[in-house]
Amino acid sequence: WPPSAWFVFANGSKQLARHPAMRQEYCSCLDTYALGISALRCWVEMLPRLDMEAAIVDGQLAGVLSKFRKVQDAWNRYWAHACQLWRPVFKAFRSAGDFEAIRQTYSGVGAHRMLLSDMREVRRALLE
């Protein structure tokens, strides 16, 4: 889910009116976000785990590998947080758990802000 969907899950759709950018994302970009995340995940996971020591011989190559490593690291942080948020949702769904408690927790900690911050870091790393 994009950050706007996590926001709606945690806070309800009525609160979305206070956040025009998230409302726009939620109303018109869910599929685009899902496609982009899927493509990015495939690309990052297909990259070899980069060995900086082997690249030190060639300074230019080391610079390129360093940039790829930043993308991988930023993606890994995002993905770890996304999985961390999803686990309780899946568990509650499987065992008819308490979605309201999850919503309250996610609203209180601002789960959508964590993922938004992670995605900004991924974007920064990609733009380097």
Side-chain angles (χ1 to χ4, degrees):
W1 288 351
S4 61
W6 285 107
F7 179 84
V8 169
F9 174 73
N11 301 290
S13 60
K14 291 180 182 173
Q15 295 298 319
L16 204 53
R18 296 180 178 178
H19 305 277
M22 276 200 297
R23 183 179 184 282
Q24 191 272 336
E25 177 187 80
Y26 187 78
C27 291
S28 61
C29 298
L30 295 180
D31 291 341
T32 305
Y33 188 91
L35 179 62
I37 286 294
S38 296
L40 184 59
R41 180 181 180 195
C42 287
W43 180 72
V44 171
E45 290 183 1
M46 287 175 49
L47 288 172
R49 192 61 197 159
L50 304 170
D51 181 7
M52 292 304 295
E53 290 177 23
I56 296 214
V57 178
D58 181 345
Q60 186 175 5
L61 180 59
V64 171
L65 292 180
S66 174
K67 290 178 183 187
F68 280 133
R69 173 66 68 87
K70 286 180 184 178
V71 172
Q72 287 176 321
D73 291 344
W75 170 260
N76 289 338
R77 276 189 302 278
Y78 164 80
W79 193 246
H81 287 146
C83 291
Q84 178 184 0
L85 292 175
W86 268 114
R87 276 187 211 102
V89 173
F90 284 138
K91 185 177 179 183
F93 182 75
R94 276 194 311 258
S95 61
D98 187 358
F99 282 103
E100 190 56 38
I102 297 169
R103 283 186 183 103
Q104 288 176 4
T105 298
Y106 288 2
S107 179
V109 300
H112 67 286
R113 285 190 296 272
M114 177 176 57
L115 291 177
L116 186 58
S117 175
D118 289 343
M119 265 294 113
R120 285 182 179 137
E121 289 301 314
V122 170
R123 184 174 188 266
R124 267 189 218 109
L126 285 167
L127 290 173
E128 279 191 19

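Starting from 1, each residue takes its place in the sequence as its number. Predicted model, so just to flag it, every value in this text is computed and none were measured.
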Distance from Leu47 atom CG to Cys42 atom SG, nearest 0.5 Å? 11.5 Å

Nearest-0.5 Å distance, CH2 of residue Trp6 to CG of residue Leu85: 5.0 Å

Residue list, ring pair (Phe, Tyr, Trp, His ring centres under 6.0 Å) with Tyr26, at least two apart or on another chain: none

Side-chain touch Val89/Phe99, heavy atoms, less than 4.5 angstrom: yes

What's the separation between atom CZ in Phe90 and atom SG in Cys83, rounded to the nearest 0.5 Å? 8.5 Å

Show me the side-chain donor-acceptor pairs of residues 108-120 shorter than 3.5 Å, one per line, residues at least two apart or across chains.
unit_1	atom_1	unit_2	atom_2	d
Asp118	OD1	His81	ND1	3.4
Asp118	OD2	His81	ND1	2.5

Hey, mind stepping through Trp86 and Trp79 against ring-ring contact (aromatic ring centres under 6.0 Å, His included) and telling me if it holds? CA-CA 10 Å; Trp86 268 114; Trp79 193 246; 10.0 Å; no

In terms of hydrophobic clusters joined by side-chain contacts under 4.5 Å, are Leu127 and Trp43 together? no

Minimal non-hydrogen separation, Trp75 against Val44, with atom names: CD1-CG1, 3.6 Å

For the residue pair Tyr33 and Tyr78, what are the closest heavy atoms and their distance? OH-OH, 3.6 Å

Rounded to the nearest 0.5 angstrom, the CZ-OG distance for Phe7 and Ser13 is 10.0 Å

How many angstroms lie between atom CG of Leu40 and atom CG of Leu126, to the nearest 0.5 angstrom? 6.0 Å

Evaluate side chain to side chain contact (heavy atoms under 4.5 Å, CB included) for Asp73 paired with Arg77, printing each intermediate quantity in order. CA-CA 6 Å; Asp73 291 344; Arg77 276 189 302 278; 3.9 Å; yes

Can you give me the closest heavy-atom contact between Ile102 and Pro88, atom names plus distance? CD1-O, 3.3 Å

Could you list the residues that satisfy salt bridge (charged side-chain N to carboxylate O under 4.0 Å, His left out) with Asp98, not counting sequence neighbours? none

Once rounded to the nearest 0.5 Å, what's the spacing between atom OG of Ser28 and atom CZ of Arg23? 9.5 Å

Ignoring hydrogens and angles, tell me if any N or O in the side chain of Glu25 forms a donor-acceptor pair with the backbone of Ser4 under 3.5 Å. yes

Examine distances only and state if a side-chain atom of Ser107 and a backbone atom of Arg103 form a donor-acceptor pair shorter than 3.5 Å. no

